[in-house]
Amino acid sequence: MARDAMYYLINHIDGWDPGFDAREERVTMSTVVLDSVTKVYPGGHLAVDRMSLRAEEGELLVLLGPSGCGKSTLLRMIAGLEEITDGDLYLDGRLANDLAPRDRDVAMVFQNGALYPHRTVRGNLSFPLEIAKADPAMVRERVVELSRALHIDETLERRPGTLSGGQRQRVAMGRAIVRQPSLFLMDEPLSNLDAGMRTELRMEISSLVRALGVTTIYVTHDQVEALTLADRIAIMNRGILQDVGTPGQIYNDPATAFVAAFLSSQQLNLLSATVRTPQNQYIMLDFGLHQITMPWTDPRAYAVSQHTGSQIIVGIRPDGLAPIPEGADGPHFSGRVRTLEYHGHEWLAYLEVGIPAVPAPEPGPAPNLNGHSNGNGHAATSKIRSMMRRLMSGAEEPTPEYIAPAAAGSGHHRRSDLVVRLGSRPVWRAGEHGRVAVDLSRLMLFTLQGNRIDPPRR
Ligand SMILES: Nc1ncnc2c1ncn2[C@@H]1O[C@H](COP(=O)(O)OP(=O)(O)OP(=O)(O)O)[C@@H](O)[C@H]1O
């Protein structure tokens, strides 16, 4: 959104009086607290498993995860559209499990920007204010102002069916904004748009919700959207919270191998290594054909040494490896360049280094995530376990904590190529021998279950 349009919107919204005490509402935006919230759908499907999470007042919290991980279910429970099976939801400090959706002061924007098809854009935008019995003259004025700020003023007399996808989403956002809720819930609002429109609207959403200071929970499966938009990201898999932190924290210091792999734009190198401490002089990560040494002065050394004699998973992003000349010193890998791939802004090289590679394990929740807990976690856990037993009547209790990596520890690792980022000019040709320096500080160290060996900083 253009800067002047943004100021226009903010200034006018500040002065709004839409017929209810909106300004009072705006100074205290909702905090959202999930305390061990669980959803089991009829039929026994566990969609959300003991999620504890807190969205601060005015925060833009992104829920990120692959399709089917339970993001929409969680959002719908917050909106009151889906019943909570177990655990507690607090909105602004009030227990809200049984609060009717209309009493939650929540506005929701969906993927398809669901609008009233027989109402014009003007009718759609004014509807929430009409319901609130606002003065009609004021409603007309406010709708025009808002439509200008959202660049949809020329579409006011049109019906949603005649609008582009981007215009429909702007109207949907406008309709959510117009009644100034204390909580915005957005469920993949950009996923039906083309790449250019997604980028444009992404920036607009970011400036809009920040300018309004409305607490926003935004669901997406797109890691770029999450990294660019969020104050904090909560990443989920199979209904379980995997990590929560600022984009920088979870990208650079991920709690689990799943998080590291999910947030990598290029394929993350996940390699199997055995930890050794020869004569206690240093730590050796033994990759079979290659060894990397880590001095005792490394801040992770003690934690890694606890795994001496065992296998661990070492993660390294393609840009943590840099080509170096043959014979250069320092930690390195080397092998034949199998192929080069052109990606426009960069080249990727695939280096045959003969190191066992492993898929990212999908562990349970990382320990010590900074979600909210009111101290009754054990009670909630045993409650849900007994409920699951009832639901599954005799079936074995589900244990989502650990799904063994296909190859890890089995001795039958597939050997795959090391992916190396080369930048805009390839320094090698296919078939040549290549050598890459390993930036020790960029190595991520995980147990075979996929949890970080050295605790992430939050
Ligand atoms: N009404 C329902 N009844 C039974 N199972 C459901 C229902 N709604 C969702 N599920 C299941 O719950 C799980 C979580 O679904 P949910 O829609 O919350 O995931 P999601 O992360 O939002 O996925 P997507 O990104 O594809 O929308 C899925 O396995 C889904 O099939």
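Indexing begins at 1, ligand by ligand and atom by atom, following the structure's order. Numbers for residues simply follow the sequence, beginning at 1.
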### Task
Kindly confirm or rule out a cation-pi arrangement of Arg238 over Phe258, judged by NZ or CZ under 6.0 Å from the six-membered ring centre and within 45° of its axis?
no
#### Entry: Backbone of Arg202 reached by a side-chain donor or acceptor of Ser206 within 3.5 Å
no
### Task
Considering non-hydrogen atoms only, spot the tightest contact between Lys71 and Gly65 and give its length.
NZ-O, 3.0 Å
## Note on the structure
Only residue of Asn252, Val224, Leu64, Leu268 satisfying side-chain contact (heavy atoms from CB on, under 4.5 Å) with Leu263 is Leu64
### salt bridge (charged side-chain N to carboxylate O under 4.0 Å, His left out) between Asp243 and Arg458, intermediate numbers included
CA-CA 10 Å; Asp243 201 356; Arg458 292 288 180 272; 2.8 Å; yes
### Message
Using modelled atom types and a 3.5 Å cut-off, is there a donor and acceptor pairing between side-chain atoms of Glu346 and backbone atoms of His343?
### Response
no
### Per-ligand residue contacts, ligand 1, heavy-atom threshold under 4.0 Å
Tyr41, His45, Ala47, Pro66, Ser67, Gly68, Cys69, Gly70, Lys71, Ser72, Thr73, Glu188
